[in-house]
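Each chain gets a letter, A, B and so on, in the order the sequences are listed, and its residues count up from 1.
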Amino acid sequence: MISVKHLSKVFGDTTVLKDVNAEIQRGEVISIIGPSGTGKSTFLRCLNLLERPTGGEVTIDGINLLDRKTDVYKLRQKMGMVFQSFNLFSHLMVVENIMLGPVNLLGSGRQEAFEDAMRLLATVGLAEKAYAYPDELSGGQKQRVAIARTLAMHPEIVLFDEPTSALDPTMVSEVLSVVRKLADEGMTMMVVTHEMKFARDVSTRVFFMDQGIIYEEGSPKQIFEEPKRERTRGFINKIRTYLFEIRSRTFDFYAMNSGIEEFGRKQMLTPKQINNIQLVTEELLMNQLLTKGGDAVDIDVNVGYAEESGEVALTLTYGGSLFNPLEGDGSDEDLSVLIVKRVARMSKWESDAGRNKLRVIL
Amino acid sequence: MVVTQKREEKHLVLTLEGRLDTTTAPQLEEVLKSSLGGVTHLTLDLAKLVYVSSAGLRVILGAQKQMSKLDGMVVKNVNETVMDVFEVTGFKEILTLE
């Protein structure tokens with residue numbers, strides 16, 4: 001239905017979308033998740049030309065959206081959009097807000113538009129508010145009216161741009177249950193959302209966007225339970241990280257330690273947890289990697305704290321020949337290895353594209 | 001790390017304050033080297049020691065070995081954090097703790 005190839009969007013000096021590629025089939029419900037500022041909303045807005053893409057190709061039912069000859073208005077009618085802010089006309093009653101598009105743009109008769117509006121209001125659970133004015137409604141109700149208004153144009157796909165972000169938490173579920181109902185009815189939808197449970201339960205596919213691309217995509221199970229890539233994992237597990245790069249044997253040991261301490265305090269880790277991170281880091285660096293690892297000094301220290309699970313992990317990525325400091329049967333282990341093995345709950349070493357990667361769970 | 005010395009005839013008490021790690025262990029080693037002459041009994045007071053790593057343990061072990069030939073070494077006032085490290089490394093069994 002929609003095919004996106006090498007889509008890019010640049011605002012001034014800022015490249016928001018680098019190279020987005022996607023195929024969307026009829027009946028799919030696609031959730032777009034990812035950190036703020038990674039181009040999720042821009043991607044959506046490029047699909048109906050609210051933003052003009054800088055490069056690439058968007059094809060809808062075989063018609064090139066960016067072709068100058070394309071009737072954009074006609075193509076846009078196939079796509080409804082629901083925004084974060086509801087944008088209802090406050091001087092019109094709810095039912096009039098919904099009738100406005102069909103009467104003025106589709107050429108529907110008033111009676112037909114009215115009946116359709118009432119049907120849609122019933123769908124979103126607001127039939128009794130037909131004659132109310134937007135200001136008399138709660139945020140959640142306004143957003144449901146906005147959804148009904150979008151549906152009144154009989155779109156083939158609905159794009160939702162963070163439909164619940166402007167709502168009080170108590171009103172999020174009433175809006176999401178309407179979106180969920182539309183999904184059950186087979187409506188094709190793309191939803192930019194921060195509601196992870198919703199994305200997990202309702203989507204047929206999830207796009208994780210980061211750094212201006214669709215960084216990883218897959219079924220909700222794949223993305224939420226078995227994310228393949230580091231950044232996806234970090235986002236899903238809400239991992240906060242502290243990074244320290246070591247490029248010299250005389251690196252600033254104090255700076256690293258105080259960085260770990262500050263990070264740990266910020267994440268509300270216990271003094272014992274902070275102590276253990278520092279201890280394991282020191283043992284591995286000072287007594288293993290910097291003494292036995294050999295030649296070049298190229299070590300990245302990454303301390304990660306997963307908010308959801310409470311897991312603390314130390315990941316050391318280092319160059320040089322492949323070397324696992326924790327290998328061995330334990331018979332002639334030195335003190336530092338012993339300390340790391342006893343303090344760690346689990347450790348795993350692997351070669352990642354020629355670099356050593358040692359992950360220690362504390 | 002701050003090391004305070006108190007000598008009573010052949011008995012030396014070293015009070016360690018701060019962190020005994022890779023960067024500070026040589027400092028303790030130096031103090032031991034220069035102060036153990038004539039000392040037969042050594043006490044390490046660790047009440048204010050908040051952190052110890054293997055580098056520190058090696059120096060403590062060295063002192064223990066040296067003093068074991070004489071009247072011995074006692075380690076006292078070990079806090080929980082440092083005790084955890086003594087435990088996982090088996091130092092709890094090797095040292096005389098008070």
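- No more than 12 heavy atoms of other residues, nucleotides or ligands sit less than 6.0 Å from atom CZ of A:Arg265.
- Under the 4.5 Å side-chain criterion, counting only non-hydrogen atoms from C-beta, B:Asp84 is not in contact with A:Asn276.
- Side-chain contact check for A:Arg342 versus B:Thr89: every heavy-atom pair is 4.5 Å or farther apart.
- Counting only heavy atoms from C-beta outward, the side chains of A:Asn287 and B:Arg58 approach each other to under 4.5 Å.
- By the 6.0 Å contact criterion, CZ on A:Arg359 is open, its count of non-hydrogen atoms from other residues, nucleotides or ligands being 12 or less.
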Check step by step if side-chain contact (heavy atoms from CB on, under 4.5 Å) holds for B:Phe91 and A:Leu335.
-> CA-CA 10 Å; B:Phe91 269 55; A:Leu335 270 178; 3.9 Å; yes
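- Proximity of B:Val88 to A:Leu338: side-chain heavy atoms (C-beta onward) are nowhere separated by under 4.5 Å.
- Side-chain contact check for B:Thr22 versus A:Glu282: some heavy-atom pair is nearer than 4.5 Å.
- Residues of residues 31-51 of chain B lying under 4.5 angstrom from chain A, judged on non-hydrogen atoms, are B:Val50, B:Tyr51 by number.
- Within a 6.0 Å radius of CD in A:Glu262, no more than 12 heavy atoms belonging to other residues, nucleotides or ligands are found.
- Between chain B and the residues A:Asn275, A:Val343, A:Ile339, the largest count of heavy-atom pairs under 4.5 Å involves A:Asn275.
- In this structure, OG in B:Ser53 is found 6.5 Å from CG in A:Leu279, a value given to the nearest 0.5 Å.
- With a 4.5 angstrom heavy-atom cutoff, A:Asn257 touches chain B only via side-chain atoms.
- Annotation: the span from A:Phe253 atom CZ to B:Thr24 atom OG1 amounts to 8.5 Å, rounded to 0.5 Å.
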